[in-house]
Structure formats: structure tokens, C-alpha cells
Amino acid sequence: MSDELPQSDIVAVTVEHRIAWVSFNRPDKRNAMSPALNRRMMEVLDELEFSAEVGVVVLTGAGSAWTAGMDLKDYFREAEARGLAGVRMAQRESYGWWRRLRWYQKPTIAMVNGWCFGGGYGPLFGCDLAFAAEEAKFGLSEINWGILPGGGATKVAVELMSLRDAMYHAMTGEPIDGKKAAEWKLVNEAVPLEKLRDRVAEVAHILLKKNPVALKATKDAIRRVCEMTYDNAEDYLVRAQEAANSYDNEGRKEGIRQFIDDKSFKPGLGSYDLSRQKAP
Ligand code: ACO
């Protein structure tokens, strides 16, 4: 392992008010994703996924970077020196935690504070929501050093951006700032860096007030129906709601009760009071 930090520190975690702030933590290397970092990130996701202390996971970066993408030395050169087995192992470790994020139990938010290149688009897409500093810089820089945007990055570009923007972004390798990333739909919103954490905390607190079973069902549904016909989606959504009911059949009944009987909230304007719900 060529990381200079003990492996446990390559990813930093703090939990405050049920929000887990998870940071890529190799600021000296602009948080480039080394195999050691990828392994540690998977462990951290394991630790947080079913923790009762955590309702939302935010993924951010220490220092000036969110992540400068794959570590060109540790992930590419050194893995390749170990032959095909080394390459495949490194790919499994990185793709593995990004896939895990896409289907994570808890809601996830990418808080892109700075540089975000190449392989960084994997976890960017893996997070349910993404907020960027206007000052952040995003780039599919692969073309600049002679490869195509692999590891899912090309797929991320066409999933999120228009074909023209994706093509321009991937073919020129020109970095764009957070404002442009929001315009091109790589992120939900861009705000000045000094306001980024507060804005993300605000959104996390909105999510913390929602029914967690419904949130997981909703985020999975959004990703799944992208690839379905209308009829298949309609059928999937019926079954997904019925499956969700097997974990929590009381939430929606309580939501209806607080609106229709108590008249204590309006579903069009906010959430029902979860604390008054009987345990599922
Ligand atoms: N892989 C390995 N090391 C990296 C990476 C990376 N992706 N990014 C930065 N580093 C290292 C640098 O080698 C340098 O190490 P050193 O101090 O031991 O010399 C250190 O991080 C700081 O990097 P600088 O370039 O000095 O930082 P600066 O703030 O000036 O620039 C920037 C930041 C623009 C992010 C620059 O480092 C860069 O272009 N990095 C590569 C970005 C990239 O193209 N990543 C690959 C995407 S493709 C893919 O992921 C598949």
C-alpha cells in the first residue's frame, strides 16, 4: 500500500444529527482513488448502512478536491504491473462500492467541494443527489491522457447530460465549473463554496423527516424505471409499493390519518410527523 495515511484514515467519517459526513481523505493526492481508499470506502459504507445513528450519508472531500479520479499510479500503473488479476481486482474494488452506493439503503448526497475528474463520476452518479460548489471543477479528463472514459464514466455522462453536452465534455476534456455542471445536470444545484455545507445539511434534514422505507423504495424506483417501458414500470411500482408495505405498513396509514382525521399537516406541503407513527 503506497498511501501515506493509515488505511483507516483514508476515509474520514463524522456523524452529526444523524448525518454521516464521509470524506475522501487523501488531500495531498487530491483524494485520488487508490485501491486502499476503495477498500476502505466499502468498509465505511458497510459500517453506516444499517446504523441507527445515521439517516443520510453525505460524500465529500478533504481539502481542495472532491476526488481527482482514479489514482494514476496506484490504481493504474501499479495494478497493471500485477497483470490482469491486479487490474480486475482494482476494478472490482472501485466499481463495487460505486454500485453499492447506487442501491444504498440510506439516502446519499454528493457534496462536491472541489476537483471532480474521471472515475469520480462513478460515485457522483452513485449518490442520489449532488450539490456542488460553484468553484468546483468537473472533467472527463481521460481523453487528455489517452484513454476513453471507462469505469462507467461514459454511461454517467449520457445518463445525466444531453448527447451533445456529453460528447463535447468527453471529447474535449475541458473542465467545467459547478455552475455549468448544474446547467448540464451533472448535479442538482451549485452554490458558493462557503454556503455548500449549509445547503447540503438543509437538504439532508428534509430527507431525515421522510419515512425511510418509502425513501429507499422511491430512490430505487427512480433508477429502475429509467430502463422500463411504461407498462413494466407501472407493474414494478405496484409490486415495489407492496414489498415496501411488508416492511412498513403503518407509515402511509398514519400519513393519511394525520391529514384526513387530525388535519395536522398537508401532504402537498410537507411530511407527516414520523414520531407519532407506531413502530412497523
Ligand atoms: N492520480 C494520482 N495522483 C494524483 C492524481 C491522480 N488522479 N491527482 C493528483 N495527484 C497527485 C499529484 O501527482 C501530486 O502528487 P505529489 O505531490 O506527490 O507530486 C498531488 O496529487 C497534488 O497534485 P497537483 O497536480 O500538484 O495539484 P493541483 O492542485 O495543482 O492540481 C488537479 C489538481 C487539477 C486535480 C491535478 O492534480 C490533476 O490534473 N490531477 C489528475 C486529474 C485526472 O485527470 N484524474 C484522472 C481522471 S481519469 C480516471 O479517473 C479514470
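Remember, it's 1-based here, ligands and their atoms both numbered in the order they're listed. FYI, side chains are in, hydrogens and waters are out, and symmetry mates aren't considered; it's all heavy atoms of this structure.
The heavy atom nearest to atom 47 (C) of ligand 1, out of those in S141, G69, G150, G173, is found in S141. Here atom 40 (N) of ligand 1 lies nearest to A68 when heavy atoms of C116, A68, G120 are compared. By heavy-atom distance, the residue among F117, Y75, W145 lying nearest atom 48 (S) of ligand 1 is W145.
Side-chain atoms of N31 come within 3.5 Å of backbone atoms of A62 as a donor-acceptor pair (strictly under, hydrogens ignored). Judged by distance alone, the side chain of K263 and the main-chain N or O of Q258 form no donor-acceptor pair under 3.5 Å.
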Can you list the steps and then say if D9 with R40 is a side-chain contact (heavy atoms from CB on, under 4.5 Å)? CA-CA 9 Å; D9 296 337; R40 181 63 193 142; over 6 Å; no

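Protein heavy atom nearest atom 26 (O) of ligand 1, with residue, atom name and distance: R30 NH2, 4.3 Å. The nearest protein atom to atom 4 (C) of ligand 1, hydrogens excluded, is given as K29 O, 4.0 Å; this is a heavy-atom distance. For atom 1 (N) of ligand 1, the closest heavy atom belonging to the protein is L72 N, 2.9 Å. Nearest non-hydrogen protein atom to atom 5 (C) of ligand 1 is A32 CB, 3.9 Å. Closest to atom 49 (C) of ligand 1, if we only count protein heavy atoms, is G119 N, 3.5 Å.
Considering backbone and side-chain atoms together, M70 places an N or O closer than 3.5 Å to an N or O of ligand 1. Below 3.5 Å of separation, one finds an N or O of D28 facing an N or O of ligand 1.
Atom 51 (C) of ligand 1 lies below 4.0 Å from at least one non-hydrogen atom of the protein. Within the 4.0 angstrom cut-off, atom 36 (C) of ligand 1 has no protein heavy-atom neighbours. Closer than 4.0 Å to atom 30 (O) of ligand 1 lies none of the heavy atoms of the protein. Atom 16 (P) of ligand 1 is flagged as protein-proximal [any protein heavy atom, distance under 4.0 Å]. The protein does not reach atom 13 (O) of ligand 1 closely, with no heavy atom under 4.0 angstrom from it.
Each of the atoms 48 (S), 49 (C), 51 (C) of ligand 1 lies under 4.0 Å from some heavy atom of E142. Those atoms of ligand 1 with a heavy atom of F76 less than 4.0 angstrom away are 51 (C).
Side-chain atoms of W21 and R197, non-hydrogen and from C-beta on, do get closer than 4.5 Å to each other.
The existence of a salt bridge linking K209 and D273 is excluded, since no basic side-chain nitrogen approaches an acidic carboxylate oxygen closer than 4.0 Å. For the pair R26 and D71, the salt-bridge criterion is met [side-chain N within less than 4.0 Å of a carboxylate O]. A salt bridge between R18 and E53 is absent, with no side-chain N of the basic residue lying under 4.0 Å from a carboxylate O of the acidic one.
Tested against H169, the residues F117, F138, W184 include a single ring pair (Phe, Tyr, Trp, His ring centres under 6.0 Å) partner, W184.
Side chains of S271 and K210: a donor-acceptor N/O pair is present below 3.5 angstrom, by distance only. Side chain to side chain, S141 and N144 fail the donor-acceptor criterion of an N or O pair below 3.5 Å.
A perpendicular orientation is assigned to the rings of F24 and W66, their planes being inclined by more than 60° (bins at 30° and 60°).
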